[in-house]
Enquirer: 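Quick one: structure below, then a few questions.
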Protein chains: 2
Amino acid sequence: MKENKKINPHPYIERYDLERIFPEEFIPKVTVYTFTKGDVLFAPGETLYDMYLLVEGKIKIFTLTPEGKSLINRFKRPLGVVGDVEYVKGNSVINSVEAVSDGVMLVASFEDLKVLERNHPPFIRFLLETVAHKFYSESQASSLHMLYPVEVRLASYFLSISSDGEGTLFHQEMRTANLTELAEWVGTSYRHLNRVLKKMVSDEIIERANGSIKIKDLEKLRDLANGNIYE
Amino acid sequence: MKENKKINPHPYIERYDLERIFPEEFIPKVTVYTFTKGDVLFAPGETLYDMYLLVEGKIKIFTLTPEGKSLINRFKRPLGVVGDVEYVKGNSVINSVEAVSDGVMLVASFEDLKVLERNHPPFIRFLLETVAHKFYSESQASSLHMLYPVEVRLASYFLSISSDGEGTLFHQEMRTANLTELAEWVGTSYRHLNRVLKKMVSDEIIERANGSIKIKDLEKLRDLANGNIYE
DNA sequence: AAGGCTTTAGGACATATGTCCTTTCCGGAA
DNA sequence: TTCCGGAAAGGACATATGTCCTAAAGCCTT
């Protein structure tokens with residue numbers, strides 16, 4: 001990820017109504033960084049001095065164990081925030097962060113933000129809402145993972161990305177590129193994911209044709225997900 | 001849980017330095033509620049109009065599935081907060097909350113807090129820190145649960161309550177009353193917990209004598225927990 | 001078109017965990 | 001003291017999930 005002075009932050013400020021968070025006089029302190037698909041943006045243990053606002057592209061937050069297992073905690077799209085918890089708690093980066101696509105971040109230093117926080121309450125309100133939302137969805141996902149088998153979690157995942165309902169916006173956040181990634185997202189092995197998919201096919205819930213998956217029976221899917229849905 | 005006008009909030013305000021959060025003129029709006037061990041304090045779906053500050057006793061937050069499974073999300077001791085996320089996000093209660101011991105809560109209405117929030121930034125700062133901490137530990141616990149088998153989680157649990165390190169304070173929060181509760185906390189069945197305990201005994205990591213568990217080999221425990229610890 | 005890498009698909013087997021049930025033990029109520 | 005219900009301990013079996021491996025298909029590069 002590197003600073004890119006050619007890009008003007010203003011269009012993004014406008015597009016996402018960031019004036020309510022960043023007053024006019026703060027904007028000069030905001031810099032623009034770009035990144036490329038596959039970039040490792042942050043690594044665990046790293047000390048953070050800035051907060052990042054994703055305004056373009058998609059990134060994933062994941063945990064790597066010493067044994068090499070990988071678990072995707074969440075995806076972020078605009079207007080995702082990176083570094084909020086580190087800013088508040090003052091600790092170092094917890095998870096790995098990687099670019100899933102090319103993208104753009106707005107960056108502001110913790111130092112500047114501390115001043116902003118004192119003079120401009122809406123900023124801290126924004127942070128609070130961000131973190132509250134993160135907590136809420138993390139908490140939901142965690143319960144779902146602990147209490148239900150992969151089949152249910154997977155059904156829940158399919159439901160959430162099916163363009164059926166309204167809230168397609170957030171749901172898109174977790175669309176995965178391939179089955180390996182889907183496995184890491186659902187929190188299981190590729191092998192087992194495959195097994196469950198096969199069962200869903202034989203139960204006539206989904207159809208598989210050359211790599212792509214289609215939902216065949218939305219009702220059965222709902223039954224299976226049993227009211228649970230990734231928020 | 002019921003209002004108890006006999007109890008004066010001031011001693012609690014002082015004990016926990018709540019003056020920084022609640023300015024003098026706000027304190028008259030704070031009421032005191034008491035509860036008794038076993039009380040169901042909140043049920044999922046309930047609409048909340050107040051925020052609660054636990055100042056005495058211990059409560060547990062847990063999820064109940066339609067199938068009757070139970071999973072303990074976390075325990076709270078003073079100065080735990082209930083209703084913070086609901087206040088920020090405006091949604092209804094997510095989990096069940098039950099009193100593990102007798103206790104006392106300070107209560108303030110969302111309505112009053114909204115006014116306070118506008119006039120008194122430290123309050124919203126407090127909320128932000130509370131929620132950030134909750135998110136952080138939820139996130140850690142969630143990864144631990146997803147990535148490691150019960151044996152590791154259990155080792156991690158024992159480590160965290162062993163009065164070895166400094167941070168005994170927070171760790172006490174999750175001391176459980178009996179094995180059934182411990183199972184719900186670690187996120188497994190009683191049967192399986194028992195199995196894992198037995199293995200730990202035969203590995204000479206712990207000792208069991210009439211219901212109580214003693215750590216025999218802290219080193220082995222650390223190896224097993226593998227750097228993971230409930231925060 | 002050929003070779004090589006990634007992704008998909010699934011067999012065989014091992015391990016982790018759940019469900020159901022029985023027995024024993026212990027402390028409190030009668 | 002006796003009785004009862006909950007908590008502890010563990011056997012037997014079923015299910016969920018992981019690990020390791022092989023083969024085929026798809027796609028990019030040369």
Side-chain angles (χ1 to χ4, degrees), chain A residues 37-38 63-72 100 143-157 175-203 206-214 224-226 228, chain B residues 37-38 63-72 100 143-157 175-203 206-214 224-226 228:
Chain A
K37 177 173 176 174
T63 307
L64 273 177
T65 71
E67 299 82 22
K69 281 197 204 181
S70 169
L71 170 69
I72 296 175
V100 174
S143 298
L144 181 56
H145 280 147
M146 296 285 292
L147 292 164
Y148 295 97
V150 170
E151 190 174 18
V152 175
R153 274 135 60 192
L154 192 58
S156 171
Y157 168 79
R175 187 153 263 154
T176 51
N178 57 38
L179 293 184
T180 307
E181 201 178 66
L182 178 52
E184 288 174 8
W185 172 248
V186 179
T188 189
S189 62
Y190 172 81
R191 178 65 188 89
H192 190 59
L193 171 64
N194 210 3
R195 196 150 28 202
V196 173
L197 282 174
K198 191 179 179 186
K199 177 160 186 297
M200 285 177 132
V201 170
S202 80
D203 289 349
I206 58 172
E207 271 172 354
R208 276 205 280 185
N210 59 299
S212 96
I213 295 171
K214 276 179 191 152
L224 197 53
N226 185 241
N228 294 98
Chain B
K37 177 176 176 171
T63 307
L64 273 177
T65 71
E67 300 81 20
K69 282 197 203 182
S70 169
L71 170 69
I72 297 176
V100 174
S143 298
L144 181 57
H145 280 147
M146 294 286 292
L147 291 165
Y148 294 98
V150 170
E151 191 174 18
V152 175
R153 273 136 60 191
L154 192 57
S156 171
Y157 169 79
R175 188 152 260 153
T176 50
N178 58 38
L179 293 184
T180 307
E181 201 178 65
L182 177 53
E184 288 175 9
W185 173 247
V186 180
T188 189
S189 63
Y190 174 82
R191 178 65 190 88
H192 190 59
L193 171 65
N194 210 4
R195 194 150 30 201
V196 172
L197 283 173
K198 191 179 179 186
K199 177 160 185 298
M200 286 178 133
V201 169
S202 80
D203 290 347
I206 60 170
E207 271 173 353
R208 277 205 278 186
N210 60 298
S212 95
I213 295 171
K214 276 177 192 155
L224 197 55
N226 186 240
N228 293 100

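Convention: sequence-line order gives letters A, B, ...; per-chain numbering from 1.
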Enquirer: Side-chain contact test, heavy atoms from C-beta onward, threshold under 4.5 Å: evaluate it for B/Asp203 versus B/Glu151 and give yes or no.
Expert: yes
Enquirer: What pair of heavy atoms forms the shortest contact from A/Ser70 to A/Leu64, and how long is it?
Expert: CB-CD2, 3.8 Å
Enquirer: If I take atom NZ in residue B/Lys199 and atom C1' in nucleotide C/dT17, what distance separates them, rounded to the nearest angstrom?
Expert: 14 Å
Enquirer: Side chain of B/Arg195, base of C/dG18: donor and acceptor closer than 3.5 Å?
Expert: yes
Enquirer: Specify the separation, in whole Å, of atom CD1 of A/Ile206 and atom C1' of C/dA9.
Expert: 13 Å
Enquirer: Could you go through nucleotides 14-16 of chain D and list every protein N or O atom that sits under 3.5 Å from one of its N or O atoms, giving the distance for each pair?
Expert:
none

Enquirer: Rounded to the nearest Å, what distance is computed from the CD atom of residue B/Glu67 to the C1' atom of nucleotide C/dG18?
Expert: 14 Å
Enquirer: Would you say C/dT7 has OP1 or OP2 under 4.0 Å from some side-chain N or O of A/Asn178?
Expert: yes
Enquirer: Spell out, as yes or no, whether a donor-acceptor pair under 3.5 Å connects the side chain of B/Arg208 to the backbone of B/Leu197.
Expert: no
Enquirer: What's the CE-C1' distance between B/Met146 and D/dT17, to the nearest Å?
Expert: 12 Å
Enquirer: Give me the atom names and distance for the closest heavy-atom approach of B/Ser143 to A/Thr63.
Expert: OG-OG1, 3.4 Å
Enquirer: So, OP1 or OP2 of D/dT19: does either fall under 4.0 Å of a side-chain N or O from A/Ser189?
Expert: no
Enquirer: To the nearest 10°, give me the bend of the helix from C/dA1-D/dT30 to C/dA30-D/dT1, comparing the axes of its five terminal pairs at either end.
Expert: 30°
Enquirer: How about B/Leu182 and B/Leu154: do any of their side-chain heavy atoms sit closer than 4.5 Å?
Expert: yes
Enquirer: With a 4.5 Å heavy-atom cut-off, do A/Met200 and A/Leu224 have their side chains touching?
Expert: yes
Enquirer: Can you check the B/Tyr148 OH to D/dG18 C1' distance for me, whole Å?
Expert: 15 Å
Enquirer: Can you tell me the distance, in whole Å, between the NZ atom of B/Lys198 and the C1' atom of D/dA8?
Expert: 13 Å
Enquirer: What's the shortest heavy-atom distance between A/Leu144 and A/Ser156, and which atoms?
Expert: CD2-OG, 3.7 Å
Enquirer: If we only count heavy atoms from C-beta on, is the A/Tyr148 to B/Glu67 side-chain gap below 4.5 Å?
Expert: yes
Enquirer: For B/Tyr190 and D/dA7, what is the distance between atoms OH and P respectively, to the nearest whole Å?
Expert: 10 Å
Enquirer: Taking OP1 and OP2 of D/dA7, is either one under 4.0 Å from a side-chain nitrogen or oxygen of B/Arg191?
Expert: no
Enquirer: Grab the CD-P distance between B/Glu184 and D/dA8 for me, whole Å please.
Expert: 12 Å
Enquirer: Would you say the side chain of B/Val201 lies within less than 4.5 Å of the side chain of B/Lys198, judging by non-hydrogen atoms?
Expert: no
Enquirer: Out of C/dT17, D/dA9, C/dT8, which nucleotide sits closest to the side chain of A/Leu179?
Expert: C/dT8
